[in-house]
Amino acid sequence: MNASDQHHKFHRKALQVADAQRLIANYIKPGTIELIKLQDSHGRYLAEDVSAPHPFPRFRRSGMDGYAVKSADTVDCSSSHMVWLEVIDEVPCGSVSHKSIISGTAARIMTGAAVPDGADAVVMLEVVEVRSEGGKDLVGLKRPIEDGKNVTPIGLELQEGDSILRKGSRIDAGEISVLATFGVHQVKVYAKPRIAIFSTGSELLAIDAPLEPGKIRNSNTYMVASQVIKAGGEPFILEAVMDDLELARIKVEKALEEYDAVVTSGGVSVGDYDIMGDLVRSENVDMLYNKIAMRPGSVTTAAVKNGKLLFALSGNPGACFVGFELFVRPSIQGMMESPEPYLKEWTAILDQDYTKVNGFTRYVRGRIEVREGLVYAVPAAIDESSVMVTIKDSECLIVIPPAKQTTPAGTKVKIVLLKENV
Ligand SMILES: Nc1nc2c(c(=O)[nH]1)N[C@H]1C(S)=C(S)[C@@H](COP(=O)(O)OP(=O)(O)OC[C@H]3O[C@@H](n4cnc5c(N)ncnc54)[C@H](O)[C@@H]3O)O[C@H]1N2
Ligand code: MOO
Ligand SMILES: [Mg+2]
């Protein structure tokens, strides 16, 4: 390595998180679209706007089992002066009455059935009396009922043409209910972004291999694959590579051709074997950044080739996790036009003093506690970049801005929510 390379390796320009996110956003393109069955669409992202092809409800719907009546007929009734109406029809769900309700008549009706013409209210079964007289069925009412009572009007929920779901919406139970209601049995969704994942590191063992001195099992690949799924993508796990620049280069190039984006872990700092750092500074790819003003994950790196993104995350598990959530997740979401690609942010009260000082913004793993209606953020006991074990306990990342002294308990802090969208 010559002196100039050394200079570039050690003197990196640190970008602010938001600036790096904006930079990445320039390279996000909506992905391909596929048509899938509605029942397979949970968790997928709509690739088209959906508007109501007809009003909903489509007919005046009874909200009760009872009798459809004209409310005007009931105005004078009371327990001492019952009004008796002739029952001229019965309307089960799924049927339509061909008779009109005129003054003095009623129709027996079930919840969910179409209210016959002429009727404007439905009286519940429980408050009526019935009798037969001269071969006719009669229903007796003791109380007036108001116009419209227990009748859901046409279009109460949606009018024809109303916009219901936006492109990019994540499909969940409520969305599926809407789509089924309107007969959208096949849904246009974005194909899950195909994300290749591999780790670099000569110390890495397969997860089914016995331990060897100085070696560790490769946990990042599997952690990232889980994060990819949670972000809405499809992970493709590739075998880890040793710290060998040429091997990594070949692997990255092939993966960038075959997949929508590539995520690697390890080898992005300034060590002798930090080959991903060297790779992104070579002519093979265009480096976007290789330092972010944050901890963990200050060495988080991104590059682009032929319009496709390479995220070279830190090998340290804590840094790898955070780098993914802040940069890769929004990119995957962006490929599916999600209107909310970034993790949700709340304001919370810092539960305990945070004593570490830093020139960079910290994303501290933490738990959320709600006490007396207030949201507290509780930092994990150990949150170093190299620490793996507290990732599993984290409900949020507590954002501690650059500080020269302790951030005291009680400080209002921003937290980034991790546990959602499952
Ligand atoms: N002289 C300096 N040294 C370091 C600096 C620095 O600025 N100057 N930065 C430190 C920071 S900050 C971080 S973060 C790490 C980043 O390291 P790398 O991204 O280069 O990652 P590696 O060196 O490959 O590995 C670091 C650590 O993580 C373990 N690892 C790697 N891959 C995996 C995996 N797939 N699963 C589990 N664990 C993994 C690896 O064994 C190392 O322990 O650099 C600091 N150094
Ligand atoms: O990149 Mo390192 O995670 O800042 O600790
Ligand atoms: Mg390193």
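Counting convention: from 1, in listed order, for ligands and their atoms alike. Keep in mind it's a predicted model, so treat the numbers as computed, not measured.
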Asker: I'd like to know if the side chain of Asp353 and the backbone of Ala409 have a donor-acceptor N/O pair within less than 3.5 Å.
Answerer: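 Answer holds: yes.
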Asker: So how many protein N, O or S atoms does the Mg ion (ligand 3) have within less than 2.8 Å?
Answerer: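 Under the 2.8 Å cut-off, the count stands at 2.
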Asker: Just to be sure I'm reading this right: ignoring hydrogens, which of Gly315, Gly201, Ser202 gets closest to atom 19 (O) of ligand 1? Compare them by their nearest heavy atoms.
Answerer: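 Shortest heavy-atom distance from atom 19 (O) of ligand 1: Gly315.
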Asker: Between Lys356 and Asp383, does any NZ, NE, NH1 or NH2 come within less than 4.0 Å of an OD or OE carboxylate oxygen?
Answerer: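 Salt bridge: yes.
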Asker: For ligand 2 and Val299, I'd like to know whether there is a polar contact (N/O to N/O, distance under 3.5 Å).
Answerer: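 Yes, there is a polar N/O contact under 3.5 Å.
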Asker: Could you check atom 37 (C) of ligand 1 against the protein and tell me its nearest heavy-atom contact, residue, atom and distance included?
Answerer: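 It is Ser219 OG, 3.3 Å.
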Asker: Among protein heavy atoms, which lies nearest atom 12 (S) of ligand 1, and at what distance?
Answerer: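 Looking at atom 12 (S) of ligand 1, the protein heavy atom closest to it is Arg295 NH2, 3.0 Å.
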Asker: Distance under 4.0 Å to a non-hydrogen atom of Asp274: what atoms of ligand 1 satisfy this?
Answerer: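 In order of numbering, the contacting atoms are 20 (O), 23 (O).
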Asker: Can you tell me if Met276 has a non-hydrogen atom under 4.0 Å from ligand 1?
Answerer: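 No.
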Asker: Salt bridge between Glu257 and Lys254, side-chain N to carboxylate O under 4.0 Å?
Answerer: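 Answer for the salt bridge query: no.
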Asker: Using a plain distance cutoff, I'd like to know if Ala319 has any nitrogen or oxygen under 3.5 Å from a nitrogen or oxygen of ligand 2.
Answerer: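 There is no such contact.
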Asker: Less than 3.5 Å apart, any donor N or O on the side chain of Ser282 or Asn284 sitting next to an acceptor on the other?
Answerer: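 Note: Ser282 and Asn284 side chains meet the donor-acceptor criterion.
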Asker: How close does the nearest protein non-hydrogen atom get to atom 27 (C) of ligand 1, and which residue and atom is it?
Answerer: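 Checking every protein heavy atom, the shortest distance to atom 27 (C) of ligand 1 gives Asn316 OD1, 3.1 Å.
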Asker: Do Ser199 and Thr221 have side-chain atoms, one donor and one acceptor, less than 3.5 Å apart?
Answerer: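 The answer is yes; a qualifying pair exists.
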Asker: Side chain of Ser338, backbone of Glu340: donor and acceptor closer than 3.5 Å?
Answerer: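 Such a contact is found between Ser338 side chain and Glu340 backbone.
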Asker: Specify the protein heavy atom at minimum distance from atom 35 (N) of ligand 1: its residue, its atom name, and the distance to 0.1 Å.
Answerer: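 Here the nearest protein heavy atom works out to Asn218 OD1, 2.9 Å.
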Asker: Is Gly271 in contact with ligand 1, taking contact as a heavy-atom separation below 4.0 Å?
Answerer: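 Gly271: no contact with ligand 1 (<4.0 Å).
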Asker: Within ligand 1, which atoms have a heavy atom of Ile216 less than 4.0 Å away?
Answerer: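 Near Ile216, meaning under 4.0 Å from one of its heavy atoms, ligand 1 has 37 (C), 38 (N), 39 (C), 41 (O).
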Asker: Can you report which non-hydrogen protein atom sits closest to atom 4 (O) of ligand 2, along with the distance?
Answerer: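 Result: Ser298 OG, 2.7 Å.
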Asker: Nearest protein heavy-atom contact for atom 41 (O) of ligand 1: which residue, which atom, what distance?
Answerer: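 I find the closest protein heavy atom is Glu203 OE2, 2.6 Å.
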Asker: Salt bridge or not for Lys305 and Glu253, using N-O below 4.0 Å?
Answerer: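 Yes, this pair counts.
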Asker: Of Gly323, Ser265, Ser314, Gly318, which has the heavy atom at the shortest distance from atom 14 (S) of ligand 1?
Answerer: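 Residue with the shortest heavy-atom distance to the ligand atom: Ser314.
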Asker: Regarding Lys142 and Glu129, does a basic nitrogen lie under 4.0 Å from an acidic carboxylate oxygen?
Answerer: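 Between Glu129 and Lys142 there is a salt bridge, with a charged N closer than 4.0 Å to a carboxylate O.
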Asker: Centroid separation under 6.0 Å, is that true for the rings of Tyr259 and Phe236?
Answerer: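 Yes, they do, as the ring centres are separated by less than 6.0 Å.
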Asker: Arg295 versus ligand 2: do any nitrogen or oxygen atoms come within less than 3.5 Å of each other?
Answerer: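 Looking only at distances, the answer is yes, because the N/O contact criterion of under 3.5 Å is met.
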Asker: With a 6.0 Å cut-off (strictly less than), is the heavy-atom count around CD of Glu239, excluding the residue itself, greater than 12?
Answerer: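 Not more than 12 within 6.0 Å, no.
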Asker: Verify whether one side chain among Thr111 and Asp65 offers a donor that lies under 3.5 Å from an acceptor in the other.
Answerer: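 Per modelled atom types, Thr111 and Asp65 side chains form a pair under 3.5 Å.
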Asker: Contact between ligand 2 and Ser314 is defined here as a heavy atom of the residue under 4.0 Å from a ligand atom; is it met?
Answerer: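 So Ser314 does not count as touching ligand 2.
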Asker: Who's the nearest protein heavy-atom neighbour of atom 33 (C) of ligand 1, and how far?
Answerer: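 Result: Asn220 ND2, 3.3 Å.
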Asker: Nearest protein heavy-atom contact for atom 22 (P) of ligand 1: which residue, which atom, what distance?
Answerer: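 Checking every protein heavy atom, the shortest distance to atom 22 (P) of ligand 1 gives Gly267 N, 3.6 Å.
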Asker: Taking a cutoff of less than 4.0 Å between a non-hydrogen atom of the residue and any ligand atom, is Pro296 in contact with ligand 1?
Answerer: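 Under 4.0 Å: no for Pro296.
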Asker: Output yes when a side-chain donor or acceptor of Glu395 lies under 3.5 Å from a complementary backbone atom of Ile368, and no otherwise.
Answerer: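 Between the backbone of Ile368 and the side chain of Glu395 there is a qualifying donor-acceptor contact (under 3.5 Å).
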Asker: Please list, in number order, the atoms of ligand 1 under 4.0 Å from a heavy atom of Ser385.
Answerer: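 Near Ser385, the atoms of ligand 1 are 14 (S).
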Asker: Heavy atoms only: which of Pro317, Gly266, Ser386, Ser269 lies closest to atom 20 (O) of ligand 1?
Answerer: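 Considering heavy atoms of Pro317, Gly266, Ser386, Ser269, the nearest to atom 20 (O) of ligand 1 sits in Ser269.
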Asker: Can you tell me the protein heavy atom closest to atom 8 (N) of ligand 1 and the distance?
Answerer: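 Answer, as residue, atom name and distance: Val270 CG2, 3.5 Å.
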